[in-house]
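Chain A is the first sequence line, chain B the second, and so forth, proteins listed ahead of strands; every chain is numbered from 1.
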There are 2 protein chains.
Amino acid sequence: MSQREDAKAERRRRIVAAARALIRETGDAGLSMRAIAARAGVSLTTPYNLFGSKRAIVVAVLEDVRQFQDRFAELQQLDVIDRIFQAVSISMTYYAQDEAFYRPLWTEALDTNGKELRTTLSSERRYAFWRGLVDEAAAAGAVLPGLDADLLVRSLERVFGSAMLSWVLGAIPTSNLEATAGLGYALALRGATVPERHPAIEARLMGYQRELLRLPKAAPAA
Amino acid sequence: MSQREDAKAERRRRIVAAARALIRETGDAGLSMRAIAARAGVSLTTPYNLFGSKRAIVVAVLEDVRQFQDRFAELQQLDVIDRIFQAVSISMTYYAQDEAFYRPLWTEALDTNGKELRTTLSSERRYAFWRGLVDEAAAAGAVLPGLDADLLVRSLERVFGSAMLSWVLGAIPTSNLEATAGLGYALALRGATVPERHPAIEARLMGYQRELLRLPKAAPAA
DNA sequence: GCGCTAATCGAAACATGTTCTAAATTTTAC
DNA sequence: GTAAAATTTAGAACATGTTTCGATTAGCGC
């Protein structure tokens, strides 16, 4: 890599690090472009040159920090459907456990404020991961024949996204995040699978339901 | 009602009308608080007194304009599940047909910008409507026994919301809005119903899928 | 080493949502 | 009718995301 690109990458890294540190220290409040730039030791214009928008920076932080790889390792030995639920559980638990960091992060990431909001939220890596799980489920004969894997993955991503949005909007408490997402996945997965898989999924469905009914009623969804 | 409250209500009405007119004329661009206030003939502070935030005003416009009642009348004669799909179709078609108006509206409504975003997006009326459909489906024995109606409705609302969000973010084109939402509903409903209902729902599922696969691939979901 | 190119910088500017202040106005209660 | 209370008003202010612009700096090919 040329020295020029090298310096760019270094600035990029510093900007992402600055944003991460600011969220960590001040939550949503202190996360302004001016603060990020100052913290990264660059001018206000540079983040715009390198990322284009505040949202893009936040998404970069989200991508950067999302190192679930090790946690996902144990998935291999599970049933092909259990694996999906397990992945959801891991993700949501991960966010819930460090709420002070991830809620501001997702709040900014889901901010639809700007005009040019084409910033892809779902990364290639992320898509590939879920696509892999769905493909394996399909290969195992669990998925309804004829159902398009791509469309199914996108539907599941939307279930994921809507749970995050509800969380960010305050419609569901952090303690309900996993169960809310899980219930959405259970419904969609029971809807997407062959009958033999239904009993197991129904068990999960009812488990999540029990959890949600135990706690104070959640506010309406977005 | 006291004269004072009367005047307040009148101002409220004028503010909502101003916002509606501005969206109609200028789309998203011209919809600033200053513009709304000027158009309504009130000072900038008044909308904040009466609504609290820009988002609340937009939600009020959305509630005000959402008069699907007449269009929903024909639902009565349909099968209890078909009714739900029909309601989705009516809603989405309604938004798609007047995209220039409803896209800016939903863009603002889903804006998570501000701090106090507790503004309930899902109104009582809206919830009651979908709850009614779900309750009827349950009464007809279509819904999986033991599944909580409230949680199911909220899950379906999230499917709805995520389709709108994808639309607003530009992840799916307007021409795909109905099919995207429909596919999400089909998955969740197949997941929530007894096996006897599955063939009919699968037919819809495949119908939506066919429609989505026909058009250019949609961008990733939010 | 030298010019060219690309990138950053510093600073200002703009639009906007929101809040605050004190003055003016209108409704209500007596 | 008049005093008190509640609201609106005008205007400024603040924080913020984003853009613009001219000046400056640093790396690249030669």
**Prompt:** Which atom names give the shortest non-hydrogen contact between A:P47 and A:A37, and what distance separates them?
**Reply:** CG-CB, 4.3 Å
**Message:** Just verifying a value: how many Å separate B:F51 CZ and B:I15 CD1, rounded to the nearest 0.5 Å?
**Reply:** 5.5 Å
**Request:** In whole angstrom, give the distance that lies between atom CG of A:D111 and atom C1' of C:dG17.
**Result:** 12 Å
**Asked** Starting at CZ of B:F51 and ending at C1' of C:dG17, how long is that distance when rounded to a whole Å?
**Response** 16 Å
**Message:** Does either side chain, that of A:R11 or that of A:T46, offer a donor lying less than 3.5 Å from an acceptor on the other one?
**Reply:** no
**Request:** Would you mind building the protein contact string for nucleotides 4-16 of chain D? One character per nucleotide, 5' to 3', B for base within reach (heavy atoms under 4.0 Å), S for sugar-phosphate only, - for untouched.
**Result:** -BBSBBBB-B--B
**Message:** Between C1' on C:dT8 and CD on A:E10, what's the gap in Å once rounded to a whole number?
**Reply:** 15 Å
**Request:** State yes or no: are the ring centers of A:F129 and A:F72 separated by less than 6.0 Å?
**Result:** yes
**Asked** What residue among A:R34, A:R14, A:E25 forms side chain to side chain contact (heavy atoms under 4.5 Å, CB included) with A:R39?
**Response** A:E25
**Request:** State, without any angle test, whether B:D150 and B:Y127 hold a side-chain donor-acceptor pair at a distance under 3.5 Å.
**Result:** yes
**Item:** Value in whole Å for how far the P atom of C:dT8 lies from CD1 of A:I36
**Value:** 16 Å
**Message:** Quick check on D:dC28: is either OP1 or OP2 less than 4.0 Å from any side-chain nitrogen or oxygen of A:Q3?
**Reply:** yes
